[in-house]
Amino acid sequence: MSDSANTPEAPNPHTDANPHTAPQPHTAPQPHTDPSPHTDPQPHSPGVSVRRTRGKGEPRFPDGPKADPAGSHFERRIRSFQPRRSRVTAGQADALQRLWPKWGLDIDGSRTLDLPELFGNDNPVVLEIGFGMGEATARMAAADPATNILAVDVHTPGQGNLLNLADRNGLSNIRVGNGDAIILLREMLAPDSLGGLRVYFPDPWPKKRHHKRRIIQPDFLTLAATRLRPGALVHCATDWEPYAEQMLDVLTTHPDFENTQADGGFAPRPDFRPLTRFEGQGLDKGHVVNDLLFRRVQHVDQPPAGA
């Protein structure tokens, strides 16, 4: 639904008049003072939701992320995510318009990314799939400026919020991707180009008939393994215990990954993964959060490093 559907229109004296009232005396026409839809919007206070009328076919953010960057160029398949439509605050909208051309990336599958060019350096790149509102991503980027983070999500308010956090805190090691992470991995990343993969609190799709939508599946791991260099860390976390068990089973049985834990089980939460506010609320309610830390094993046809 477009923003215009939620924006009340000014009453029209020619069409909105009550038919049961008496006609008014004729008066001279007054100059038209309604604001044009093409004029610049009035400034908003930070934290106030943006509500303005858009013309038909006008993109939500002309210089920001596209609604469906890959379009219909790739085959239809079961997706592990569902785009959420929610209001964008003025601060988030400003960040999307101002910073997307600099730090944003639409996942359209049209080219292979040159990651050193994208980030402006040769530092290792970690792919984070699903970052919510971006607070944890920003904290990890600040704590480890020598690691670049390519953070991917489809939630527009979260994209704007993360860009805002990166700008306010001077975090030049964050790039925000918009779209399907599968298309990014398959079409836009070169083999062995990633130094790590993070998937924190993905949708658990709790109903059995929806389990096929869970992102941590053998086929996904096989694809990810082709883009992860040997030794790269795969870090998953979830507060849905049945999903955690499935993650552990799928990762343990996959030949391209090995558990970093000697006992073959879950890992303690590492210091580099911040405890988020929502995670803390869940822990207070007795939820159990499980972390999984696996490494990409050496390629079969590749000699060990330094050999």
Side-chain angles (χ1 to χ4, degrees), residues 59 61 63-83 96 99-132 134 137 140-141 147-156 158-160 162-163 166 171-200 202-203 213-236 254 256-257 296 299 302:
F61 300 102
D63 297 322
K66 293 183 175 65
D68 186 9
S72 58
H73 300 298
F74 300 94
E75 78 283 359
R76 294 178 62 85
R77 59 175 177 76
I78 296 171
R79 287 182 169 183
S80 63
F81 63 90
Q82 198 167 24
L96 288 166
L99 299 171
W100 190 260
K102 179 181 178 183
W103 288 336
L105 168 70
D106 276 313
I107 300 171
D108 55 13
S110 64
R111 67 198 186 283
T112 300
L113 296 175
D114 184 331
L115 293 179
E117 180 182 355
L118 180 67
F119 285 93
N121 57 59
D122 292 322
N123 292 340
V125 178
V126 171
L127 173 62
E128 182 178 358
I129 300 178
F131 56 79
T137 305
M140 287 186 289
T147 295
N148 296 323
I149 301 177
L150 177 52
V152 175
D153 209 309
V154 294
H155 188 222
T156 310
Q159 293 167 350
L162 180 53
L163 287 171
L171 305 175
S172 60
N173 58 332
I174 292 177
R175 297 294 180 272
V176 179
N178 168 54
D180 191 338
I182 301 296
I183 294 176
L184 174 69
L185 283 164
R186 192 182 63 204
E187 308 291 341
M188 300 181 70
L189 292 176
D192 294 356
S193 58
L194 295 176
L197 173 65
R198 296 168 180 167
V199 185
Y200 299 152
D203 194 325
R213 296 183 179 275
R214 291 174 171 175
I215 190 170
I216 304 300
Q217 306 276 6
D219 288 347
F220 169 78
L221 292 175
T222 297
L223 172 61
T226 65
R227 304 306 188 243
L228 291 163
R229 64 189 54 159
L233 190 68
V234 175
H235 185 193
C236 303
H254 200 287
D256 290 328
F257 299 97
R296 172 72 167 97
H299 295 303
Q302 181 177 352

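Quick note: numbers below take in every heavy atom, side chains included, and nothing from hydrogens, waters or symmetry partners. Model, not experiment: these values are computed from the prediction.
Considering every non-hydrogen atom in both A232 and G196, the closest pair reads CB-N, 4.0 Å. The shortest heavy-atom contact between T137 and A151 is CG2-CB, 4.1 Å. The two residues G179 and V154 have their closest heavy-atom pair at O-CG1, 3.5 Å. When all heavy atoms of I129 and A181 are compared, the closest pair comes out as CD1-CB, 3.7 Å. Here the closest non-hydrogen pair linking R175 and K102 is NE-O, 4.4 Å. For the pair W100 and L163, the tightest heavy-atom approach, listed with the atom from each and the gap, is CE3-CD1, 3.7 Å.
Qualifying side chain to side chain contact (heavy atoms under 4.5 Å, CB included) partners for A141, counting only residues two or more places apart in sequence or in other chains: I149, L171, N173, I174. For T226, the side chain to side chain contact (heavy atoms under 4.5 Å, CB included) partners are L223, not counting sequence neighbours. For Y200, the ring pair (Phe, Tyr, Trp, His ring centres under 6.0 Å) partners two or more places apart in sequence, or in a different chain, are H235. Partners of S172 according to the side-chain hydrogen bond (donor to acceptor under 3.5 Å, both in side chains) rule, which considers only residues two or more places apart in sequence or in another chain, do not exist here. By the side chain to side chain contact (heavy atoms under 4.5 Å, CB included) test, D114 is found to be paired with P116, E117, residues two or more places apart in sequence or in another chain being considered. Under the rule for a side chain to side chain contact (heavy atoms under 4.5 Å, CB included), the partners of P191 that lie at least two apart in sequence or sit in another chain are R227. Remark: F257 pairs with H254 by the ring pair (Phe, Tyr, Trp, His ring centres under 6.0 Å) rule, at least two apart or across chains.
Looking at N121, D122, L127, V126 one by one, the single match for side-chain contact (heavy atoms from CB on, under 4.5 Å) with N148 turns out to be N121. Checking L189, L118, T147, L115 one by one against V125, the side-chain contact (heavy atoms from CB on, under 4.5 Å) holds for a single residue, L115.
Between the CZ atom in R213 and the CG atom in D203 there is a gap of 9.5 Å [rounded to 0.5 Å]. Distance check, rounded to the nearest 0.5 Å: CD of Q159 to CG of L99 gives 12.5 Å. Rounding to the nearest 0.5 Å places CZ of F220 at 5.0 Å from CG of L197. In this structure, CZ on R186 lies 12.0 Å from CD1 on I107, to the nearest 0.5 angstrom. Taken to the nearest 0.5 Å, the CG atom of L228 stands 9.5 Å off from the CG atom of L221. Taken from CD in E187 to CG in D108, the straight-line distance is 10.5 Å, to the nearest 0.5 Å.
Within the 3.5 Å criterion, the main-chain N or O of A225 finds a donor-acceptor partner in the side chain of R296. Listed for the D153 side chain is a donor-acceptor partner under 3.5 Å among the backbone atoms of F131.
L113 is listed as a side-chain neighbour of R111, based on a closest heavy-atom distance under 4.5 Å.
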